[in-house]
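First up is the structure itself, then whatever we jot down about it.
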Amino acid sequence: VQLQASGGGLVQAGGSLRLSCAASGRIFTINTMAWYRQIPGKERELVATVTSPATTNYADYVKGRFTISLDSAKNTAYLQMNSLKQEDTAVYYCNANVNVIDSDYGDTLAYHSEDLWGKGTLVTVSS
């Protein structure tokens with residue numbers, strides 16, 4: 001089971017980017033997906049979370065600019081980032097809490113919960 005993040009890049013201030021985070025493997029259901037970011041020299045901080053099916057939460061500094069969403073059919077979360085600022089420059093990390101299938105025989109399904117991290121994707125916002 002793993003997370004694959006993509007979509008980072010270089011954008012001018014005021015521009016937009018969309019990050020994607022795809023979960024793969026023997027996943028039964030996704031409980032929560034989240035985006036964090038880390039600016040060099042600083043602690044990793046929470047940007048946004050989405051709890052299945054669609055309950056969202058945002059850090060104050062991105063409210064009104066970023067939108068997180070979850071496509072449960074694709075096990076993929078998205079972070080739409082608009083009105084980007086230079087201070088949004090950071091490595092963005094995807095996190096997920098998922099239910100992973102242990103066994104599936106007949107009427108019996110066994111699973112356990114796992115917390116996953118994807119590799120970071122760099123977002124650079126230029127002036």
Report task. Would you tell me whether Thr76 and Asp71 have side-chain atoms, one donor and one acceptor, within less than 3.5 Å of each other? Result -> no
Query raised in the report: Under 3.5 Å, is there a donor-acceptor pair between the Asp88 and Gln86 side chains?
Result: no
Query - More than 12 heavy atoms of other groups within 6.0 Å of Gln4 CD - result: no
Requested in this report: May I ask you to check whether over 12 heavy atoms, not counting those of Glu43, lie within 6.0 Å of atom CD?
Outcome: no
Do [X] and [Y] belong together in a cluster built from hydrophobic side chains that touch within less than 4.5 Å?
X: Tyr93; Y: Val62; answer: no
X: Trp35; Y: Leu46; answer: no
X: Met81; Y: Tyr36; answer: no
X: Leu79; Y: Val11; answer: yes
X: Val100; Y: Met33; answer: yes

Query - Qualifying residue for side chain to side chain contact (heavy atoms under 4.5 Å, CB included) with Ser52, from Val98, Thr29, Leu70, Thr32 - result: Leu70
How many angstroms lie between [atom1] in [X] and [atom2] in [Y], if you round to the nearest 0.5 Å?
X: Ile27; Y: Gln2; atom1: CD1; atom2: CD; answer: 9.5 Å
X: Ser127; Y: Lys85; atom1: OG; atom2: NZ; answer: 15.5 Å
X: Ser24; Y: Lys74; atom1: OG; atom2: NZ; answer: 15.0 Å
X: Ser126; Y: Gln12; atom1: OG; atom2: CD; answer: 5.0 Å
X: Asn82; Y: Thr67; atom1: CG; atom2: OG1; answer: 6.5 Å
X: Ile30; Y: Ser72; atom1: CD1; atom2: OG; answer: 6.5 Å

Report task. In sequence, state the C-alpha distance, the side-chain angles, and the governing distance for Thr51 and Asn31, and then conclude on side chain to side chain contact (heavy atoms under 4.5 Å, CB included). Result -> CA-CA 6 Å; Thr51 300; Asn31 299 315; 6.0 Å; no
Query raised in the report: What heavy-atom pair brings Leu17 and Gly7 nearest, and what distance separates the two atoms?
Result: CD2-O, 3.9 Å
Query raised in the report: What is the minimum heavy-atom distance between Ala23 and Leu3, and which atoms define it?
Result: CB-CD2, 3.5 Å
Requested in this report: For Lys42, check salt bridge (Lys or Arg N to Asp or Glu O under 4.0 Å) against everything at least two apart and list the hits.
Outcome: none
Donor-acceptor contacts under 3.5 Å from residues 108-123 side chains, at least two apart:
from   : atom 1 : to     : atom 2 : distance (Å)
His112 : ND1    : Asp102 : OD1    : 2.6
His112 : ND1    : Asp102 : OD2    : 3.3
His112 : NE2    : Glu114 : OE2    : 2.8
Ser113 : OG     : Asn97  : OD1    : 3.2
Ser113 : OG     : Asn97  : ND2    : 3.3
Asp115 : OD2    : Asn95  : ND2    : 3.2
Thr121 : OG1    : Gly8   : N      : 3.1

Query raised in the report: With a 4.5 Å limit on heavy-atom distance, are the side chains of Arg44 and Arg37 in contact?
Result: no
Report task. Can you run down the ring-ring contact (aromatic ring centres under 6.0 Å, His included) pairs that involve residues 41-78, sequence neighbours left out, and say none if there aren't any? Result -> none
